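Inspection log for the structure reproduced underneath, given as structure tokens.
On a predicted model such as this, the values are computed, not experimentally measured, just so you know.
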Amino acid sequence: MRTTKQILPGVKEIGWVRCEHLVNDIALRGISMMPVPVLTDIHNVAFFDEPTCECVTENDNGNRTDTAKLKFSAEDLLPIKENLAFVVTAIDGNSYIIGAHEAPFPVVKLTISFGNANGDGAGCIYEVTHTAIKSLVKCHR
């Protein structure tokens with residue numbers, strides 16, 4: 001099994017969209033290196049601390065699997081009962097989408113932290129994981 005790992009150089013913006021509003025076949029467009037248009041409103045997330053975004057690609061006897069992971073802290077609750085995709089813009093200005101119109105949808109894990117007296121901040125900690133044949137696809141905002 002061969003594995004490659006891609007890490008964005010820094011996250012400038014994070015936004016969410018409903019998966020139902022995305023174009024079809026995002027993974028296939030990503031495999032063919034076609035940037036995907038995001039033709040819906042992107043709801044910006046006011047995050048704090050240092051968000052991380054990475055994508056691990058596994059190739060097992062010709063079967064490709066990408067696993068994209070996004071982790072960030074925010075003050076607001078997101079509508080995680082819906083199927084959400086995330087648009088991440090790196091420091092270099094390139095934007096990527098995590099998620100698709102079709103299943104499998106990203107899994108969003110929410111941890112609500114009240115912080116502590118030693119200085120750890122309070123807020124919502126989100127961990128987004130998306131596993132598909134292609135994830136973290138370059139997109140146009």
At their closest point, which heavy atom of [X] faces which heavy atom of [Y], and how far apart are they?
X	Y	value
Leu77	Cys124	CD2-SG, 3.6 Å
His101	Val23	CB-O, 3.4 Å
Asp49	Phe47	O-CD1, 4.4 Å
Ala68	Ser135	CB-OG, 3.3 Å
Asp76	Tyr126	O-OH, 3.0 Å
Gly99	Pro106	CA-CG, 3.5 Å

Counting heavy atoms not belonging to Glu102, are there more than 12 under 6.0 Å from its CD? yes
Within the supplied structure, the quantity of interest is the number of heavy atoms (other residues, nucleotides, ligands) at a distance under 6.0 Å from Glu50 CD; does it exceed 12? no
Give a yes or no on whether the backbone of Ile133 and the side-chain of Arg64 come within a donor-acceptor separation of less than 3.5 Å. yes
Main-chain N/O of Pro104 paired to His130 side chain as donor or acceptor, under 3.5 Å: yes
[atom1]-[atom2] distance between [X] and [Y], expressed to the nearest 0.5 angstrom:
X	Y	atom1	atom2	answer
His21	Leu39	NE2	CG	12.0 Å
Asn44	Glu13	CG	CD	5.5 Å
Leu136	Lys69	CG	NZ	13.0 Å
Asn83	Arg18	CG	CZ	11.0 Å
Cys139	Ile42	SG	CD1	6.5 Å
Phe105	Glu82	CZ	CD	11.5 Å

I'd like to know whether Val108 forms a side-chain contact (heavy atoms from CB on, under 4.5 Å) with Leu78, so could you lay out the CA-CA distance, the side-chain angles of the two residues, the decisive distance to 0.1 Å, and finally the verdict. CA-CA 10 Å; Val108 181; Leu78 303 180; 5.9 Å; no
Spell out, yes or no, whether Val87 and Trp16 are grouped together once hydrophobic residues are joined by side-chain heavy atoms under 4.5 Å, including indirect joins. no
Side-chain heavy atoms under 4.5 angstrom apart, residues restricted to Ile, Leu, Val, Met, Phe, Trp, Tyr: same cluster for Val128 and Val88? yes
After noting the C-alpha distance and the side-chain angles of Arg141 and Val38, does the key distance pass the side-chain contact (heavy atoms from CB on, under 4.5 Å) rule? CA-CA 6 Å; Arg141 290 180 60 107; Val38 178; 5.9 Å; no
Given side-chain contact (heavy atoms from CB on, under 4.5 Å), test Cys53 with Ile98 step by step and report yes or no. CA-CA 10 Å; Cys53 185; Ile98 300 172; 4.0 Å; yes
Any heavy-atom pair between the side chains of Phe72 and Val11 that's under 4.5 Å? no
Hey, are the side chains of Leu22 and Val17 touching, using non-hydrogen atoms and a 4.5 Å cut-off? yes
Can you list every pair that meets salt bridge (charged side-chain N to carboxylate O under 4.0 Å, His left out) and has a residue in residues 24-42, with sequence neighbours left out? none
Could you walk me through whether Lys71 and Lys109 pass the side-chain contact (heavy atoms from CB on, under 4.5 Å) check? CA-CA 9 Å; Lys71 186 173 180 181; Lys109 177 182 171 186; over 6 Å; no
